[in-house]
Structures are given as structure tokens and as C-alpha cells.
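Since the structure comes first, as C-alpha cells, the remarks are kept for the end.
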Amino acid sequence: MIAALHMAARLHAAALADVQSALDPAADQAQAIHGIWHLMLWICVPMYLLVMLALGFGIWRARRLRMARDVATASEGNLYTGLGVWIIVVMLGLTVLTAASFLVDRKLIPAQDAQLDIRITAKQWWWQVEYLNDDPSQQFMTANELHLPLAQKTHIELRSDDVIHSFWVPNLSGKRDMIPGRVNQIELTPRRAGKFRGTCAEFCGLQHAKMSLLVYVDAEKDFNAWRSGQLGVAPAPSGDLLEHGKRYFETTTCAMCHTINGTTAHSLAGPDLTHLASRSTIAAGALPLNAGSLAAWLSDPQRQKPGTNMPTIDIEPSDLNALVAYLLSLK
Ligand code: CUA
């Protein structure tokens with residue numbers, strides 16, 4: 001029975017590997033949680049089976065006594081011994097589980113000795129990601145997709161700008177609430193390179209289901225390459241079409257909410273788009289990043305994600321075409 005459950009869990013984890021599964025840990029913190037998950041499974045399943053066995057025995061015994069019409073002759077002695085043993089087994093099991101969950105909880109407390117500092121601010125319904133550094137020239141911002149260096153401890157400061165959200169990347173760690181006016185913390189030490197999906201784990205309004213984030217765990221060399229790319233300003237537009245797109249972005253409502261470093265757009269109400277084309281999704285994982293989905297999103301965001309703060313703008317097809325081309329050039 002346990003083997004079957006375990007098999008089912010493994011198959012499920014395999015199907016979701018590198019996507020989103022707490023049963024396929026890829027960081028120290030998720031590994032610790034995975035360990036206690038197994039301990040609970042191995043303690044609770046035998047106990048459940050014993051309870052079912054005792055219940056079955058009780059039903060069988062009651063029937064037999066009723067048929068014998070002689071309840072008074074039944075011996076209670078063995079039952080009392082059995083009950084005593086059972087109480088000891090339950091107490092032992094609960095003691096082990098309590099101690100184990102206390103120890104795992106200790107392991108998840110941030111030790112403040114991380115090599116990388118990130119601040120993630122949850123918004124309705126996307127994630128603002130800031131890479132912090134004592135040297136301001138080494139700081140940068142992105143959104144909805146973040147990269148972490150392999151085998152290094154990253155400290156993440158978790159905030160919220162509006163309502164309560166919850167940060168959860170199951171392959172890397174457990175859930176941690178993001179509460180307005182409060183700073184929560186989490187540490188991640190990834191042990192396997194890959195792409196992991198995270199999600200908001202606290203109902204936060206209309207588009208709670210479309211508030212996901214992608215975490216890329218990179219080897220140090222790849223991480224440094226990505227990081228130096230993000231530190232630069234946006235590439236200058238080459239050609240009339242891209243010039244047109246940039247001009248449209250800077251002179252219309254786009255610039256009132258977004259930042260593109262290297263242009264005149266410097267607003268933080270919406271995601272930083274400086275290196276938008278280096279990401280693989282838009283609208284917090286709601287759509288893949290390509291010309292078609294970008295055009296659909298820009299011309300009618302409310303249709304793609306009803307309730308989003310991105311307004312519907314009246315945009316001419318030629319402007320839309322130029323804007324899409326320009327945004328896709330922001331590598
Ligand atoms: Cu944010 Cu649910």
C-alpha cells in the first residue's frame with residue numbers, strides 16, 4: 001500500500017519534474033520539507049492501516065458476540081492491553097513528528113549569510129524583482145522571472161504592495177506569505193540547474209490564478225552572463241520601425257507606468273521592461289512572449305487578464321506593429 005502510494009507520488013513528481021512539484025526538490029530548503037513529508041507518510045500510513053484493522057476486528061467481534069447472544073462472557077482483558085499499547089504507539093509517533101517538524105522549521109529560518117540579496121514585491125497580479133547590492137551601479141530590476149546562481153544561498157525579502165499574496169516555488173522551498181506593511185524573508189539554496197515554476201499561493205483577487213513566476217537556476221557562469229546583460233541599458237533602436245516603436249512608448253500612456261532604462265520612461269507602477277525580450281512570458285506567466293501574444297495583450301489586456309491594471313489603449317495598427325517590434329528588440 002505504502003509502496004503503491006509512493007509509486008504514485010513519484011510518477012506524479014516525474015510528470016511535473018522541472019515544472020512545479022514539492023516532491024521533486026531542487027534546493028536544500030525543499031529537500032528538508034520533502035524529508036518530513038516522507039516521515040509523515042511512513043508514520044501515518046501504518047497507523048491508519050492499524051486503525052482500520054482494529055475497526056474491522058471490532059465489527060467482526062460484535063457480530064460474533066451477538067450471534068452467541070452471550071455478551072457477558074466476552075473477555076475484556078486483551079482489549080485493555082491492546083488499548084494501552086496503542087496509546088503508547090500514538091504518543092511515540094506524535095513525539096517523533098513534533099520533534100521532526102521543529103527541526104525542519106529551524107532549517108528554514110534565514111541565517112542572514114546569503115551570497116545574493118533579492119527583494120520581491122507582490123502586486124495585483126505580478127512580481128517585481130529587485131537584485132540588491134551595496135553598490136547602486138550593481139542593482140537592477142526585472143519582473144515575473146528571476147535567475148538564481150546554482151549552489152549559492154540567496155536571501156529574498158518578500159513584500160506586498162496591495163493585498164496578501166504568498167510566494168511559493170515548490171521545487172525550491174515552502175510557502176511564505178507576502179503581507180502589506182511587513183517584510184518577510186526566505187532563503188533558497190538551489191542544488192540543481194533548471195527552470196522551476198512558482199505561483200501565488202494566497203487568494204489575492206480576480207487574477208490570482210494568473211500570477212505565476214519562473215525561476216531559472218543557472219550555473220555561476222550563466223548567471224553572471226545574465227546578470228551583466230540585465231545591468232545594461234536597453235539596446236538603442238535600429239531602423240525606422242523600432243524608432244517608431246520607441247517614440248510611441250515614450251510619448252504615450254506606456255511611459256506613465258513602465259520603465260525602460262536608456263529611454264525617458266521611468267515609472268514603477270508596472271513591470272520594468274528594460275530587458276523584456278530576455279524573458280519567456282508576459283503578464284506574470286499568463287502568455288508566452290511572442291509577437292502574436294504581445295500584440296493581443298497590448299491591444300486588449302482586459303480580455304487576456306480581466307481586472308489587470310494595464311489599461312486598454314486605443315492603438316492604431318501601425319503603432320501596434322512598431323511597438324511590438326520595439327519591445328521584442330529589448331534583449
Ligand atoms: Cu497573488 Cu494570489
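When a ligand or atom number is given, it counts from 1 through the structure's own listing order.
The aromatic rings of His165 and Trp127 are tilted relative to each other, their planes meeting at an angle between 30° and 60°. Using cut-offs of 30° and 60° on the angle between ring planes, the pair His34 and His38 is perpendicular. Aromatic ring pairs are classed by plane angle as parallel below 30°, tilted from 30° to 60° and perpendicular above 60°; the pair Phe223 and Tyr131 is tilted.
The angle Cys204:SG - atom 1 (Cu) of ligand 1 - His165:ND1 amounts to 100°, with values rounded to 10 degrees.
Because the distance cut-off is set at 2.8 Å, Met211 qualifies as a neighbour of atom 1 (Cu) of ligand 1 through one of its N, O or S atoms.
Checked against Glu157 for a salt bridge (Lys or Arg N to Asp or Glu O under 4.0 Å), the options Arg182, Arg176, Arg119 give a single hit: Arg119.
The minimum distance between atom 2 (Cu) of ligand 1 and any N, O or S atom of His208 involves atom ND1. Closest to atom 2 (Cu) of ligand 1 among the N, O or S atoms of Glu202 is O.
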